[in-house]
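Heads up, the thing below is written out as structure tokens.
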Amino acid sequence: MIDTRATMAVVAATLAPGIAAMAHFFGTGVLVNVGLAVSAAIAVEASVLRMRRQSVVAGLGDGSAVVTALLIAIAMPPAVDGWLVGLAVLAALVLGKHVYGGLGANPFNPAMVGYALVLVSFPADLATWPGSEGVDQLTGATALETLKHRGGETIADVWTAAHGFGAWGAHGFEWINVWFAVGGLVLLGLRLVDWRIPIAMLATLTVLSALCYDGGSSASLGSPAFHLLSGATMLCAFYIATDPVTSPTQPRGRILFGVLVGALLFVVRCFANYPDGVAFAVLLGNSMVPLLDRPLAQSASAR
Amino acid sequence: MLDLPLLLISAVLVNNLVLAQFLGLCPFVGVTRRTDDALAMGVATAFVMALGAAISYSLYTWVLLPLDLAALRLILFIFVVASLVTVVELAIRHFSPELHRVLGIYLPLITTNCAVLGVVLIVLRDQLDFVRSVLYATAAAVGFTLVMTVFAGLRERLIEQRIPRPFRGAPIVLVTAGVLSLAFMGFQGIGR
């Protein structure tokens, strides 16, 4: 059993290339958000630990608050108001973690609780990302959003006409997804995350998007490559859905969990109001974990 | 007119009785200590809901409306629901006395479960035909049973944790219900 602190350090280190790629495409706002989120997380975590009369040094030392902050910073648009980042961190650590008794007791992924709360409260602020022309020049809907609300146009039309698309997925996001996937593969290689959740999730997303893709007509949804390389797909697969506290412990449960999160991500992303579905898919998946972890024998005998 | 699959998805997830319309909160908080009890309560409520919608719809459309007595609909619906609950209670007491003891006061309280009456009023408001009304009520009942079971699973896990004293009991249950409702907000907009 590797200790939490070392794990969190490796997780943070493998997030770095993806964050660097984000900063490359979207400017220094990304790094500002990271700084804001991490300092807010340290301040909130320290004050809550003090209120709960627990050791501040030990509580902060496990590094989990910093990883939560990093995930929130990555999820936030670079130009968002700073206080929204702080609010998400506050909600994540207090409502998502400490009211349940701290790390290990929380049923929901804290970062996603914080992000979802801010997302449903301030949807317009969180839907605006810098466009393909560089920072400060163009801001607007993300590629996922553009594709969803494109009216009757074919995918090829919207791809050339609208900004925000790249070679296979959303501009910028495709490379960011690649770098998060690379970091995720390092985690897999070090056996810090179980392969079952990311593989099951990505396979489900691929199969569902392939079934709903007809080559790009006006009624088509995005291609598998588009879905794998847009939004927060890879971050979700390797870093968010795999949170050991809020995912199932049994191998069978983990595969079902991955399938569930992949399917929910696809449904929310393609058919619901919100631009991406990661936060909702993960929270809904988390809520099913106690049932997924139930041994079949127990549920049968309880009848 | 909504497509049938959309109508059903909407009833189960998007407009979930408990988490989106905030109906039926009493059993949602009251009978979700154990998963099996929650499931049984969900199934019992589902039975009343589906049958209640069918009978209420029939009586309203083919008896009250021709007699020009639509004003009496609420009294009639409550009467239908109460009779059904009595039938369900007798059946459960006969087949599983233990379950009858566990569900206790919540079983007769299905009568006053606003979700049951709510479903009847929703299908009349949306002017669904008979088949759609019954299917909608069944789907809404499935959604109710689903969140009852999921929430009970979460609450069973909470018992094992050392919740900080100020949040023990009702507060942590309500926080968890809030986060679950937050997660279900992700479905908003499906079918529009």
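No experiment lies behind these values; they were computed from the predicted model shown. These numbers come from the heavy atoms of this one structure, side chains and all, not from hydrogens, waters or symmetry mates. We name chains A, B, ... by the order of the sequence lines, and we start the count at 1 in each one.
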Portion of [X] that has a non-hydrogen atom of chain A nearer than 4.5 angstrom:
| X | value |
| --- | --- |
| B:Leu158 | side chain |
| B:Thr149 | both |
| B:Phe151 | neither |

I need the minimum non-hydrogen distance between [X] and [Y], along with the two atoms involved.
| X | Y | result |
| --- | --- | --- |
| A:Asn273 | B:Gly189 | OD1-CA, 3.3 Å |
| B:Gly186 | A:Val268 | O-CG1, 3.5 Å |
| B:Leu182 | A:Val113 | CD2-O, 4.0 Å |
| A:Ala105 | B:Gln161 | CB-OE1, 3.4 Å |
| B:Arg157 | A:Pro290 | CD-CG, 4.1 Å |
| A:Val99 | B:Ile163 | O-CG2, 3.4 Å |

Rounded distance (nearest 0.5 Å) linking atom CG of A:Leu264 with atom CG of B:Leu13: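 The distance works out to 8.5 Å.
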
From CZ (B:Arg165) to CZ (A:Arg52), nearest 0.5 Å: 12.5 Å

Worked check of side-chain contact (heavy atoms from CB on, under 4.5 Å) between A:Leu283 and B:Phe184: CA-CA 9 Å; A:Leu283 289 178; B:Phe184 266 69; over 6 Å; no

Residues, nucleotides or ligands: over 12 heavy atoms within 6.0 Å of B:Phe79 CZ: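 At most 12 heavy atoms, drawn from other residues, nucleotides or ligands, come within 6.0 Å of this atom.
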
Part of A:Val282 within contact of chain B (heavy atom distance under 4.5 Å): neither

Chain B contact via A:Phe108 - side chain, backbone, both or neither, heavy atoms under 4.5 Å: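 Only the side chain of A:Phe108 comes within 4.5 Å of chain B.
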
Sub-4.5 Å side-chain heavy-atom contact between B:Ile9 and A:Phe271: no

Min side-chain heavy-atom separation A:His98-B:Pro164 under 4.5 Å: no

Which of B:Arg162, B:Met185, B:Arg168 touches chain A most, by non-hydrogen pairs under 4.5 Å: B:Met185

Check against side-chain contact (heavy atoms from CB on, under 4.5 Å), A:Leu95 and B:Val179: CA-CA 9 Å; A:Leu95 278 180; B:Val179 178; 5.8 Å; no

